[in-house]
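A quick note: this is a predicted structure, and the numbers were derived from the prediction, not measured.
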Amino acid sequence: MDSLGTNDGETERGWGWAALLLLACLGAVPATISQVSADHSAADRREAPPRSAYAGDAACAQCHRKESEFYKLTPHARDSGPATAKNITGSFSQGHNVLHTSNPNLVVNMVARPDGFYQSAVNLANPENRLEERFDIVIGSGRHGQSYLYWQDDLLFEMPTSYWTWNHEWVISPGFPAGQVHFDRAIVPRCLECHGSYFTSLAPPLNRFEKNSLMLGINCERCHGPGARHVAYERSASPRSEKHNETIVNPTRLTRDRQLDLCALCHAGAVEPTRPPLTFVAGDDVHDYLAIQPPTPDAPPDVHGNQVGALEQSKCFTSSKMTCSTCHNVHEKQENAEAFSRHCLSCHAISACGKYVTLGSRIRTKCVDCHMPLLESGKITSDSSAGTLHAMLRAHQIKVYREASEAVERDLKGK
């Protein structure tokens, strides 16, 4: 595991600060996964269901073909995958494949070769001093951006360069030090729990995994629970009965809190896990697995921030029975901001908006831009030669954002 720094191109080796920081943030929770019964209740489930408890998406598609075909196109389904030309969003063409860091002597070249794609870090003051690794895994659908992982034997690491879609740039991966390029940030189980569907940990160290066990993408059973029993029941000659509902989880039949917990598992921030990874299954109380803290008022939005908690602070939430799925249909491609406004108008009359008097029906598609605007993240940042870049992320506390509302009004009046 290597890094290029500012010390005249000297190469550092060993476990760097990034790996230690990640361990501190995520906690050194024992990650060994062993065979246990999938029927264990949440109260006594201390280990993940075995791989044999899961049926896989192909089995689901045999009966749910329509949902399966649509779901393949969603950001969740495409949240991770092999590092192929189809899956990597960033450009490898000349003029668009070089990252200039804040250290003028340090650049990272994105290189496409017949055997794969590479990140090659070069110290221009000493071109012989370079570090290079091959892309193995893509993290992120590319809607906002992507990060990339590589294997060193059975150890998994994050690569130092990511890609941001909104500005079409290669950037230093968020959280990496300024003016340096590290290849030693360990990927721990909690990372894969939210960016994959299944894996077998071989810890210690925490970033050691059985490579062939990785099931990439967020699959059906992350929200519906282990499905092997359900498939076996449906394929049997047993007459359909209430037992059918006991073999699979239909999230719409869960209580409101348990529905929210499905999302909170990965949309409540980088919180401390209190049980081993993959132990949570659909229908459980997520607070039994994660030490989730309520968000502070007006907390800046963050991909790793508590989006569910921010939603719960909204008047729309407290005065209704809404959940995440009120607006998000996970079986379909992500809508754009304008299309989301129709969900708002299912409860709110357009004429009730204070801007309706002056702007009229032109505000019909602007609900989200006014009440859930894109804001700069204070946590997802990247060092660059032009300074610190901030990710633009959608606020999930629904309220009046005066600056955003005024910007929308100016834009509509200018048309």
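The two atoms that bring Tyr148 and Thr89 nearest to each other are OH-N, 4.2 Å, heavy atoms only. Contact detail for Asn87 and Pro82: the closest heavy-atom pair is ND2-O, 2.8 Å. Of all heavy-atom pairs spanning Ser80 and Ile139, the tightest one is CB-CD1, 3.8 Å. Nearest heavy atom pair, residue Leu254 against residue Gly283, reads CD2-CA, 4.0 Å. Gln180 and Ile172 make their closest contact through O-CD1, 4.1 Å (heavy atoms, listed as atom of the first residue, atom of the second, distance). Closest of all the heavy-atom pairs between Pro251 and Cys223 is CG-O, 3.4 Å.
With hydrogens and angles disregarded, no donor-acceptor distance shorter than 3.5 Å links the side chain of Glu132 to the backbone of Tyr118. A donor-acceptor pair is defined here as one N or O able to donate and one able to accept, closer than 3.5 Å; no such pair exists between the side chain of Ser68 and the backbone of Ala61. Checked by atom type and distance alone, the side chain of Arg185 pairs as donor or acceptor with a backbone atom of Gly175 at under 3.5 Å. At least one donor-acceptor pair closer than 3.5 Å links the side chain of Asn329 to the backbone N or O of His331. When atom types are taken as modelled, the side chain of Asp153 and the backbone of Leu155 share no donor-acceptor pair closer than 3.5 angstrom. Not one N or O on the side chain of Glu133 forms a donor-acceptor pair closer than 3.5 Å with the backbone of Met159. Ser314 contributes no side-chain N or O that, together with a main-chain N or O of Cys316, makes up a donor-acceptor pair within less than 3.5 Å. Of the possible polar contacts, one joining the Ser236 side chain to the Tyr233 backbone as a donor-acceptor pair under 3.5 Å is found. Of the possible donor and acceptor atoms, one in the side chain of Gln119 sits under 3.5 Å from a partner among the backbone N and O of Thr161. Of the possible polar contacts, none joining the Ser382 side chain to the Pro174 backbone as a donor-acceptor pair under 3.5 Å is found.
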Pair Leu262-Phe280, side chain to side chain contact (heavy atoms under 4.5 Å, CB included): steps then yes or no: CA-CA 9 Å; Leu262 280 174; Phe280 174 93; 4.2 Å; yes

Arg394 vs Asp369, salt bridge (Lys or Arg N to Asp or Glu O under 4.0 Å): CA-CA, chis, key distance, verdict: CA-CA 9 Å; Arg394 185 70 63 184; Asp369 286 332; 3.5 Å; yes

From CA spacing to verdict: side chain to side chain contact (heavy atoms under 4.5 Å, CB included), Cys370, Tyr401: CA-CA 6 Å; Cys370 286; Tyr401 293 84; over 6 Å; no

Derivation of the side chain to side chain contact (heavy atoms under 4.5 Å, CB included) call for Arg113 and Phe117: CA-CA 6 Å; Arg113 297 183 184 139; Phe117 302 91; over 6 Å; no

Candidate pair Phe135 and Thr84, rule side chain to side chain contact (heavy atoms under 4.5 Å, CB included), full reasoning: CA-CA 9 Å; Phe135 291 69; Thr84 63; over 6 Å; no

Intermediate values then yes/no, side chain to side chain donor-acceptor pair (under 3.5 Å), Asn250 and Thr252: CA-CA 6 Å; Asn250 182 339; Thr252 63; 2.7 Å; yes

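With no hydrogens or angles considered, a side-chain donor-acceptor pair links His230 and Thr247 at under 3.5 Å. There is no side-chain donor-acceptor pair under 3.5 Å between Thr200 and Glu210. Side-chain contact annotation: Arg235 with Gln62, donor-acceptor N/O pair under 3.5 Å present. For the residue pair Tyr54/Asp57, the side-chain donor-acceptor check at 3.5 Å is not satisfied. No side-chain donor-acceptor contact under 3.5 Å links Thr101 and Asn103.
Looking at heavy atoms from C-beta onward, Trp151 lies in side-chain contact with Ile137 at the 4.5 angstrom threshold. With contacts defined as side-chain heavy-atom distances shorter than 4.5 Å, the pair Ser120/Arg130 qualifies. Using a 4.5 Å heavy-atom cutoff, the side chains of Met215 and Arg51 are in contact. Side-chain contact check for Val171 versus Tyr163: every heavy-atom pair is 4.5 Å or farther apart. Put simply, the side chain of Val181 does not reach to within 4.5 Å of the side chain of Leu131, judged on heavy atoms. Between Pro276 and Tyr289 there is no side-chain heavy-atom pair separated by less than 4.5 Å. Considering only heavy atoms from C-beta on, Asn109 comes within 4.5 Å of Val122 through its side chain. Contact check for Glu158 versus Asn207: no side-chain heavy atoms found under the 4.5 Å cut-off.
Other residues, nucleotides and ligands contribute at most 12 non-hydrogen atoms within 6.0 Å of the CZ atom of Phe70.
The only member of Val308, Leu265, Asn306 that meets side chain to side chain contact (heavy atoms under 4.5 Å, CB included) when paired with Ile292 is Asn306.
Aromatic pair Phe340/His328: centroids less than 6.0 angstrom apart. The aromatic ring centroids of Trp170 and Phe92 lie less than 6.0 Å from each other.
Salt bridge present: Glu69 and Lys72 bring a charged side-chain N and a carboxylate O closer than 4.0 Å. A salt bridge between Arg364 and Glu338 is absent, with no side-chain N of the basic residue lying under 4.0 Å from a carboxylate O of the acidic one. Look at Arg362 and Asp411 and you find no salt bridge, because none of the NZ, NE, NH1 or NH2 atoms lies under 4.0 Å from a carboxylate O. No salt bridge links Asp154 with Lys211; every basic N to acidic carboxylate O contact stays at or beyond 4.0 Å.
Expressed to the nearest 0.5 Å, how far CD of Glu67 lies from SG of Cys60 amounts to 10.5 Å. Once rounded to the nearest 0.5 Å, the distance linking OG1 of Thr165 with CZ of Arg143 reads 9.5 Å. Separating the CZ atom in Arg256 from the OG atom in Ser320 is a distance of 5.5 Å, to the nearest 0.5 Å.
Every residue was checked against the ring-ring contact (aromatic ring centres under 6.0 Å, His included) condition with His371, not counting sequence neighbours, and none meets it.
Between Cys266 and Cys194 the SG-SG gap is short of 2.5 angstrom.
Cation-pi geometry between Arg78 and Tyr71 is not met at under 6.0 angstrom from the ring centre and within 45 degrees of the axis.
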